[in-house]
Amino acid sequence: MEGYTQTGIQTAHRVGILGLSLLLVLVVLELVRRGYLRERYALLWLGTAGFSLLIGIFPGIITALAALFHFQYLTVLFTMYFAFTLAIVLCFTIVISRMSERNRQLAQELALLSRKVEELRSGAGSQDREETP
Amino acid sequence: MPRVLVIIPAYNEEETIAGVLASLKRQVPDYGIVVVDDGSADQTASLVRANPPAALVRLPYNLGIGGAMQTGFKYALRNGYDVAVQCDADGQHPVEQLHLLVDRLAKGDTDMVIGSRYVADSGYVPSFSRRVGKSVLSRLVDMLIGGGITDTTSGFRAINRRALKVFANRYPDDYPEAEALVIMHMAGLRAVEIPVKMLPRQGGVTSIRPPHAAYYMVKVGLAILVDLFRRPKGTLGEP
């Protein structure tokens, strides 16, 4: 085996990368078009797909990196995909955290306003303590 | 006379809530009462409705003790209260000693008064897991805020309007007591503690079980470290 000194990328791998990235681009674009995926969250997916396409077209990028770090080029490929996946997951966790904070504020607001409505309806309660915030 | 609001966060407390409301009405008739029902599935809400003038604020789903307390803080601010007192719905907090907290706060040199279970004469013996889970963290928090607080996890506390504004803007989700001290310290507010006698639980089940001790340590520890290095948030939340 040539091992680390492997220079070219195998044609089968190249075709696989190209096919998968094209498929990913199409799926993401279709999801955006149908409104299942919002544009701002689709960007990282499109970035991943774009990177993947780039490698399919210019495989020299990863074979050069592989030679530089003495890795198999497939290892380099998977590491880069993994990095993109991590970025996407991290981004979504940020979005979820922000949403849960807003969700909490919304629930509190709803509870306080419901109480207000009840007070106004019954005409009793805390007229003497009202104060605009 | 400051206008005082007693905030009672309640999650499935049908066994004890009516008793707590009754003793509040007897002991501190001048205080306003709001029960924040944190998405209870039992009779808690209807028991509160049957006990006017206690106000009922019902969250649409469970937010956790911190989210419920923060709802109470917002209620206090919007209804013009000067002081808010936290009181558990399980009957463990000694209602007849509430005025001690309020009186101490009225001296005006502090923003929070904590009723401590560990100070001499309080007659409180915490369970083993509670001691282990909380002692390290308690000491850490005490150190961070400049000392003086031995019972950093006591929920029996009174706060003034300045602290209300800070907490309406930011309050932790779960196990909020210790972290809240750090948040107010970072906002430049002061806390003192006085001894109180705690009662055993009157009914229901405690929300803190041994498996939670490890989670408590890690979660609160991390949150406190983050608080220390966090840049002050804007006015998100309270209008």
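The chains referred to below are lettered A, B, ... by the order of the sequence lines, with proteins before strands, and numbering in each begins at 1. Just so you know, these numbers use all the heavy atoms, side chains as well, and skip hydrogens, waters and symmetry mates.
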If one checks every heavy atom of Asp37(B) against chain A at 4.5 Å, the contacting part turns out to be neither
Arg58(B) to Ala111(A) - nearest heavy-atom pair and separation: O-CB, 3.2 Å
Take atom CZ of Arg38(A) as the centre, draw a 6.0 Å sphere, and report whether it contains more than 12 heavy atoms from other residues, nucleotides or ligands. no
Is the shortest side-chain N to carboxylate O distance from Arg49(B) to Glu118(A) below 4.0 Å? yes
Nearest heavy-atom contact between Pro60(B) and Ala107(A) is CD-O, 3.6 Å
Arg78(B)/Glu119(A) ion pair, N-O < 4.0 Å: no
Leu110(A) portion near chain B, given a 4.5 angstrom heavy-atom threshold: side chain
For Leu59(B), which atoms come within 4.5 Å of any heavy atom of chain A: side chain, backbone, both, or neither? both
Check: Gln108(A) side chain, Gly67(B) main-chain N or O, donor-acceptor pair, under 3.5 Å: yes
The reported gap from CG in Asn79(B) to CZ in Arg115(A) (rounded to nearest 0.5 angstrom) is 8.5 Å
So side-chain hydrogen bond (donor to acceptor under 3.5 Å, both in side chains) across residues 74-96 of chain A, not counting sequence neighbours, yields Ser52(A)-Tyr81(A)
Does atom CZ of Phe92(A) have more than 12 heavy-atom neighbours from other groups under 6.0 Å away? yes
For Tyr61(B), is the OH atom crowded, meaning more than 12 foreign heavy atoms sit under 6.0 Å from it? yes
